[in-house]
Amino acid sequence: MGLLNMDKLKKGTAYYHLPGLFEFYELYRKFLPLFHEHREYFYDWCEIGSIYGAPADCIWGGGRAGFGDQEPGEVLELMQEYGICARLTFSNSLLEKEHLQDKKCNMLCNLFGKSEGTRNGVIVHSDLLLDYLKINYPELYFVSSTTKVLTDFQELLSEIKREEFLCVVPDFRLNKEFGKLNALSEAEKDKVEFLCNECCWFGCKDRKCCYEAVSRKNLGQICPEHHCAAPDADSGYCFSKAMTNPGFIGVDDIKSIYLPMGFSNFKIEGRGLGSALILEFLLYYMTKPEYQIHVRESIYLDNMLDLF
């Protein structure tokens, strides 16, 4: 159950890193007991590697503006109950030295750093923050954020070689660079964490600008709203659209390509979405088709509920 030691990966197993540590606490409060008590519902080749996220109003936050308001102690208690690693998403790219003393973010690092059993981590972009965390919270491990938009393979390789990082999340546009990916050593493959279900336009040139806008917002800076120039941007996130993305990694890809190549870590995005869509990700990526209705019934279906 869960990934008790991020340093020891079982080969042939997909470790999913799931969104919404704080944002979707209520969903996971129902899903995790189900995953634990009815393991036969789920693929035997997958585990939960971590659940990541950040509460609302965290200035170190990035990637997405956090909206979770669950009490951190309760979140940590749930993760510890099921032996699951928690990752704080502190991927703000625009932090300055004065931001490092933020009480809320330091409190969270202290709380999750001192937890017993499963080792917890931080997803980080800023080297300034990374250096601060290494000194003050050495019990945490660190993940290089996809907000760095590493689209050049040599840049990705340099990031993988950095000893500070246990995992590195490349830009989704490198997901299908199979020749270069397969040439990595086993230790390097263990550090790669693929973003599977990105819906962003494959040809997007503004991804860094988009992330920086979120960073500014989390810092409370007044700045113009970032308007995505991608085709169909107004339609928002659609899983069906994500599945047509050239960088999409589906269940069959994981089983037939990535696991045999020696990769183990797969990130599911969705912190800014709704819990109904997160459940669809859990059903698609983790649940055997014949048991998906069982999971839906346990999570939210009620025969007295009228949806329309």
Side-chain angles (χ1 to χ4, degrees), residues 1-4 6 9-10 13-36 38-39 41-55 61 63-64 66-68 70 72 74-91 112 118-123 141 143 145-147 166-167 169 172 192-199 237 239 242 248-251 253-254 258 263-288 292 295-296 298-300:
M1 180 65 215
L3 181 50
L4 298 179
M6 274 296 301
L9 299 169
K10 287 188 292 182
T13 298
Y15 294 95
Y16 286 123
H17 303 277
L18 304 174
L21 178 64
F22 295 87
E23 298 90 336
F24 302 119
Y25 170 83
E26 291 298 334
L27 172 62
Y28 289 119
R29 199 162 63 89
K30 292 183 176 182
F31 179 78
L32 294 179
L34 200 62
F35 187 71
H36 181 70
H38 289 281
R39 199 59 180 83
Y41 290 177
F42 304 94
Y43 297 123
D44 58 8
W45 48 263
C46 73
E47 293 285 356
I48 298 173
S50 72
I51 302 177
Y52 66 91
R64 295 289 180 270
F67 59 85
Q70 197 63 38
E74 293 178 345
V75 171
L76 180 58
E77 186 178 348
L78 180 65
M79 296 300 105
Q80 289 182 319
E81 182 178 355
Y82 293 99
I84 292 174
C85 163
R87 287 180 176 176
L88 298 168
T89 305
F90 286 160
S91 53
F112 283 84
T118 308
R119 188 180 177 204
N120 297 317
V122 179
I123 303 171
Y141 71 82
V143 177
S145 173
T146 193
T147 61
L166 193 63
C167 287
V169 186
F172 70 103
V192 178
E193 184 176 311
F194 293 101
L195 181 58
C196 294
N197 61 328
E198 179 56 65
C199 195
Y237 187 97
F239 194 23
F248 179 73
I249 298 176
V251 171
D253 298 318
I254 292 172
Y258 291 90
F263 293 101
S264 301
N265 290 298
F266 303 91
K267 180 173 184 174
I268 310 300
E269 77 161 24
R271 285 197 301 139
L273 305 175
S275 58
L277 195 46
I278 304 304
L279 177 57
E280 288 304 312
F281 299 155
L282 299 175
L283 293 169
Y284 172 79
Y285 280 105
M286 301 179 68
T287 312
K288 297 174 184 175
Q292 290 182 2
V295 175
R296 280 195 183 93
S298 298
I299 299 292
Y300 75 90

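Side chains included, hydrogens not; waters and symmetry mates left out as well; all remaining heavy atoms used.
Summarising the geometry, atom OG1 belonging to T89 is positioned 11.5 Å from atom CD1 belonging to I51; distances are rounded to the nearest 0.5 Å. In this structure, the separation between CD1 on I84 and CD on E47 is 9.0 Å, given to the nearest 0.5 Å. Rounding to the nearest 0.5 Å gives a distance of 11.0 Å between OH of Y41 and NZ of K288. For the atom pair CD1 of I48 and CE of M79, the computed distance is 8.0 Å after rounding to the nearest 0.5 Å. Expressed to the nearest 0.5 Å, how far CZ of R296 lies from OG1 of T287 amounts to 9.0 Å.
With contacts defined as side-chain heavy-atom distances shorter than 4.5 Å, the pair I123/L88 does not qualify. Within the 4.5 Å cutoff, the side chain of F112 has heavy atoms near those of the V75 side chain. Annotation: side chain of F22 is in contact with side chain of P72 (closest heavy-atom distance under 4.5 Å). Under the 4.5 Å side-chain criterion, counting only non-hydrogen atoms from C-beta, Y28 is in contact with I278. Put simply, the side chain of W45 reaches to within 4.5 Å of the side chain of I254, judged on heavy atoms. Side-chain contact between T118 and Q80 is absent, with no heavy atoms from C-beta onward closer than 4.5 Å. At least one side-chain heavy atom of L9 sits under 4.5 Å from a side-chain heavy atom of N265. When side chains are defined from C-beta on, M286 does not count as touching F281, because their heavy atoms never get closer than 4.5 Å.
Checked for salt-bridge contact, K267 and E193 miss the test: no charged N lies under 4.0 Å from a carboxylate O. Looking at E77 and R29, no side-chain N of the basic residue comes within less than 4.0 Å of a carboxylate O on the acidic one, giving no salt bridge.
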Note to self: Pair Y15, F266 - check ring pair (Phe, Tyr, Trp, His ring centres under 6.0 Å), show working.
What the structure shows: CA-CA 6 Å; Y15 294 95; F266 303 91; 9.3 Å; no
Check: Between E23 and Q70, is a side-chain contact (heavy atoms from CB on, under 4.5 Å) present by the stated rule, with each step listed?
Finding: CA-CA 7 Å; E23 298 90 336; Q70 197 63 38; over 6 Å; no
Item checked: Verdict with reasoning, C196 to Y285, per side-chain contact (heavy atoms from CB on, under 4.5 Å) -> CA-CA 10 Å; C196 294; Y285 280 105; 3.5 Å; yes
Next item on the list: Take Y300 and L279, measure what side-chain contact (heavy atoms from CB on, under 4.5 Å) needs, and give me the verdict at the end.
Entry: CA-CA 10 Å; Y300 75 90; L279 177 57; 3.4 Å; yes
Next item on the list: In sequence, state the C-alpha distance, the side-chain angles, and the governing distance for Y82 and F31, and then conclude on ring pair (Phe, Tyr, Trp, His ring centres under 6.0 Å).
Entry: CA-CA 11 Å; Y82 293 99; F31 179 78; over 10 Å; no
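Atom CD of E74 is surrounded by more than 12 heavy atoms from other residues, nucleotides or ligands within 6.0 Å.
In plain terms, the two heavy atoms of S91 and T147 that are nearest each other are O-OG1, 3.7 Å. The heavy-atom pair separating I249 from F194 by the smallest distance is CD1-CB, 3.6 Å. Across C46 and Y16, no two heavy atoms sit closer than the pair CB-CE1, 3.6 Å. In plain terms, the two heavy atoms of K10 and S264 that are nearest each other are O-OG, 4.5 Å.
Judged purely by atom type and a 3.5 angstrom limit, S50 has no side-chain atom pairing as donor or acceptor with the backbone of Y52. A donor-acceptor pair under 3.5 Å is absent between the side-chain atoms of N197 and the main chain of I268, judged by distance alone. Although no hydrogens or angles enter the test, the distance criterion places no donor-acceptor pair under 3.5 Å between the side chain of N120 and the main chain of C85. Judged purely by atom type and a 3.5 angstrom limit, Y284 uses its side chain to pair as donor or acceptor with the backbone of V251.
Looking at L283, L27, L282 one by one, the single match for side chain to side chain contact (heavy atoms under 4.5 Å, CB included) with I299 turns out to be L27.
No hydrogens or angles considered: a donor-acceptor pair under 3.5 Å links the side chains of R87 and Y141.
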